[in-house]
Amino acid sequence: MKNDSLNLSKNEMMMVMHDQEQEIERLKAKVSELQATIDNYEIKVEEAGTLAEASAQINNLFEAAQATVETYIENMKKRAEKSEEILADVQKQADGIISEAEAVAQKRLAAADVEIDEKWAVIESRLLVMYESHKGLKELVESGIFTIPGKE
């Protein structure tokens, strides 16, 4: 079940949950039907023959109702466990996706920082070349009107 739930899409999970809701409704209807049978059951002494026979019929009815209730409860527990497993699997998948995304983002940020440093070094070297090759600019900087960061 765990391997299957790892591959379920959101829609598939919604379909599973919908199927579970329908099963719950079906079982509730069955419980209501049995309850109505119990509520409407009238013991007819003439037809039952003896009190012992009537008691046996009532006992059978209650046993059937009890079995239905136990089946309903068992199904509800199974469905709850299945839902919890699916939820845990989905949470695990989500955590993995988030971890992967964070790792990719960190790598991209590190690469961007390296690229920025490399481009800044190129710009800085070009500015120094330009400074060295232009006599008028050099004179302005030496006169103190302009300053070049890192150049003293």
Side-chain angles (χ1 to χ4, degrees), residues 1-42 55-152:
M1 176 62 209
K2 285 192 176 188
N3 289 339
D4 292 341
S5 63
L6 287 175
N7 297 324
L8 290 178
S9 69
K10 184 177 180 182
N11 288 338
E12 289 170 330
M13 286 189 299
M14 294 298 290
M15 288 174 53
V16 168
M17 291 175 70
H18 177 70
D19 291 344
Q20 289 176 354
E21 289 174 0
Q22 287 181 334
E23 177 67 12
I24 289 168
E25 290 303 318
R26 187 189 69 75
L27 291 172
K28 282 181 180 179
K30 182 69 174 175
V31 169
S32 294
E33 177 185 337
L34 289 172
Q35 185 63 45
T37 302
I38 291 170
D39 292 343
N40 295 327
Y41 193 78
E42 296 180 5
S55 176
Q57 288 178 358
I58 290 173
N59 190 38
N60 290 340
L61 181 63
F62 282 124
E63 286 175 2
Q66 182 65 34
T68 301
V69 168
E70 288 171 0
T71 301
Y72 172 78
I73 290 171
E74 185 179 325
N75 284 339
M76 296 292 35
K77 286 180 183 178
K78 287 179 183 177
R79 293 191 185 281
E81 290 171 1
K82 184 177 180 181
S83 294
E84 288 173 9
E85 287 176 8
I86 290 171
L87 180 61
D89 289 341
V90 168
Q91 185 62 47
K92 185 177 178 180
Q93 288 176 358
D95 291 344
I97 290 169
I98 289 170
S99 294
E100 288 176 21
E102 287 173 346
V104 168
Q106 289 297 337
K107 286 179 184 176
R108 287 184 180 176
L109 284 173
D113 286 344
V114 168
E115 187 178 347
I116 288 170
D117 290 342
E118 289 171 353
K119 287 184 179 184
W120 182 250
V122 169
I123 291 171
E124 189 175 35
S125 68
R126 287 181 181 172
L127 285 173
L128 285 174
V129 167
M130 187 173 86
Y131 166 74
E132 295 293 333
S133 65
H134 290 86
K135 184 178 181 182
L137 179 59
K138 191 173 187 177
E139 290 172 356
L140 285 174
V141 171
E142 288 174 356
S143 70
I145 297 175
F146 293 110
T147 58
I148 297 177
K151 182 85 172 165
E152 296 167 17

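Source: prediction; values computed, not measured.
The shortest distance between side-chain heavy atoms of K82 and V16 falls below 4.5 Å.
To the nearest 0.5 Å, the span separating CZ on R26 from NZ on K30 amounts to 8.5 Å. Note that the OG1 atom of T71 and the CD atom of Q66 stand 9.5 Å from one another [nearest 0.5 Å]. Interatomic distance, OH of Y72 versus CD of E23, reported as 10.0 Å (0.5 Å rounding). The OG1 atom of T68 lies 9.0 Å from the CD atom of E33; values are rounded to the nearest 0.5 Å. Taken from CD in E21 to CZ in R79, the straight-line distance is 10.5 Å, to the nearest 0.5 Å.
Environment of CE in M17: sparse, with no more than 12 heavy atoms of neighbouring residues, nucleotides or ligands closer than 6.0 Å.
When only modelled atom types and interatomic distance are considered, Q93 and D89 share no side-chain donor-acceptor pair under 3.5 Å.
For the pair E74 and K78, the salt-bridge criterion is met [side-chain N within less than 4.0 Å of a carboxylate O].
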Mind listing the side-chain donor-acceptor pairs of residues 103-117 below 3.5 Å, one per line with the distance, residues two or more places apart or on another chain?
unit_1 : atom_1 : unit_2 : atom_2 : d
E115   : OE2    : K119   : NZ     : 3.0

